[in-house]
Visitor: 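Just passing along the structure, written as structure tokens.
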Amino acid sequence: HKFRGCAQFYAKTHDAPMEALALAGVAEVQRARDDLPTARATYETALLKAAATQAFPIPLQIVIALADMCFALEDFADAEGYYRLADAIADKLLRPHIRADVQESIGACRLAQGAETEAARIWLGVAELCRALDYPKRRQSVLRRLSACRASICPEEQDADARVREVGPC
């Protein structure tokens, strides 16, 4: 397909950022075809190509896609590692909204690995970040996750929603 041809062209011209983007396109097609293990490998190759460049938004885009792929494959430890890498890159690029998105996913990884208390701690931090950023959509998402997590940690609390209301509106 055309993304593969583009990747080959950019490899020949030694344009690593464009080759990485084209490989990410190949991975997206593989993902759409439900070939998740192959898509993961292609994303990893794209990330290696992009990492050697100074075009930091490209590795950020690819590492988030790779983290999402690992999460879909239920490889939560690798997903968390990639999300943490994305968080560090987003921090360097001064992209706080992306950091909030990625940190919510880090909490989901912790929860999937049985670390409910760590997930709740992460989501509390994300909720505060979202309040400071005026990012209500993400904040509401995080508060819903936090409410469900708290209900599972403290089942004796009958009204987890009341605790969410204590945190305050967006």
Side-chain angles (χ1 to χ4, degrees), residues 1-115 118-119 121-123 125-127 129-130 132-142 144-145 148-149:
H1 43 46
K2 68 180 171 184
F3 285 116
R4 177 79 58 201
C6 289
Q8 291 168 348
F9 170 78
Y10 290 122
K12 287 178 186 175
T13 61
H14 305 288
D15 189 342
M18 292 305 294
E19 181 184 2
L21 283 175
L23 285 170
V26 170
E28 285 297 318
V29 171
Q30 293 165 335
R31 184 178 188 173
R33 291 182 177 160
D34 262 349
D35 188 359
L36 302 185
T38 304
R40 177 183 175 167
T42 305
Y43 277 128
E44 288 171 340
T45 301
L47 182 59
L48 287 173
K49 298 287 182 184
T53 73
Q54 294 298 312
F56 289 114
I58 295 171
L60 178 60
Q61 172 189 342
I62 294 169
V63 78
I64 290 171
L66 181 53
D68 291 344
M69 177 61 53
C70 290
F71 196 92
L73 288 167
E74 297 182 3
D75 186 347
F76 302 116
D78 280 358
E80 180 180 350
Y82 287 125
Y83 284 128
R84 288 188 184 279
L85 176 58
D87 185 41
I89 295 170
D91 186 36
K92 292 264 187 223
L93 293 175
L94 303 176
R95 303 276 175 90
H97 291 82
I98 293 175
R99 290 195 71 204
D101 297 344
V102 167
Q103 288 175 14
E104 179 180 9
S105 296
I106 292 169
C109 290
R110 297 307 306 142
L111 182 65
Q113 294 175 80
E118 288 179 45
R121 183 187 49 74
I122 290 166
W123 289 331
V126 176
L129 174 61
C130 290
L133 293 173
D134 192 25
Y135 191 10
K137 181 179 176 182
R138 179 63 56 210
R139 186 162 188 261
Q140 284 298 322
S141 174
V142 169
R144 280 191 298 276
R145 286 181 186 265
C149 185

Visitor: If you define the side chain from C-beta out and look only at heavy atoms, does anything of S105 sit under 4.5 Å from D101?
Guide: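 Not touching, per the 4.5 Å side-chain cut-off.
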
Visitor: Would you say the side chain of P37 lies within less than 4.5 Å of the side chain of D35, judging by non-hydrogen atoms?
Guide: yes

Visitor: If we only count heavy atoms from C-beta on, is the V29 to R33 side-chain gap below 4.5 Å?
Guide: yes

Visitor: Check whether any side-chain heavy atom of L129 lies under 4.5 Å from a side-chain heavy atom of R139, and answer yes or no.
Guide: no

Visitor: Assess, by modelled atom type and distance only, whether the side chains of Q30 and T38 contain a donor and an acceptor separated by less than 3.5 Å.
Guide: no

Visitor: Is any side-chain heavy atom of L21 less than 4.5 Å from a side-chain heavy atom of Y10?
Guide: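 A side-chain contact is absent here, since even the closest heavy-atom pair is not under 4.5 Å.
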
Visitor: Any donor-acceptor pair under 3.5 Å linking the side chain of S141 with the backbone of K137?
Guide: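 Checking the backbone N and O of K137 against the side chain of S141, no donor-acceptor pair under 3.5 Å is found.
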
Visitor: Name every donor-acceptor pair, under 3.5 Å, that has one atom in a side chain of residues 57-70 and the other anywhere in the protein, sequence neighbours excluded.
Guide:
{"residue": "D68", "atom": "OD1", "partner": "Y83", "partner atom": "OH", "Å": "2.4"}

Visitor: Quick one, E80 and Q113 - any side-chain contact, counting heavy atoms below 4.5 Å?
Guide: yes

Visitor: With D15, which residues qualify under salt bridge (charged side-chain N to carboxylate O under 4.0 Å, His left out), at least two apart?
Guide: none

Visitor: Under the side chain to side chain donor-acceptor pair (under 3.5 Å) test, which residues partner E118, sequence neighbours left out?
Guide: R110

Visitor: Could you tell me whether the side chain of W123 and the main chain of R145 form a donor-acceptor pair under 3.5 Å?
Guide: no

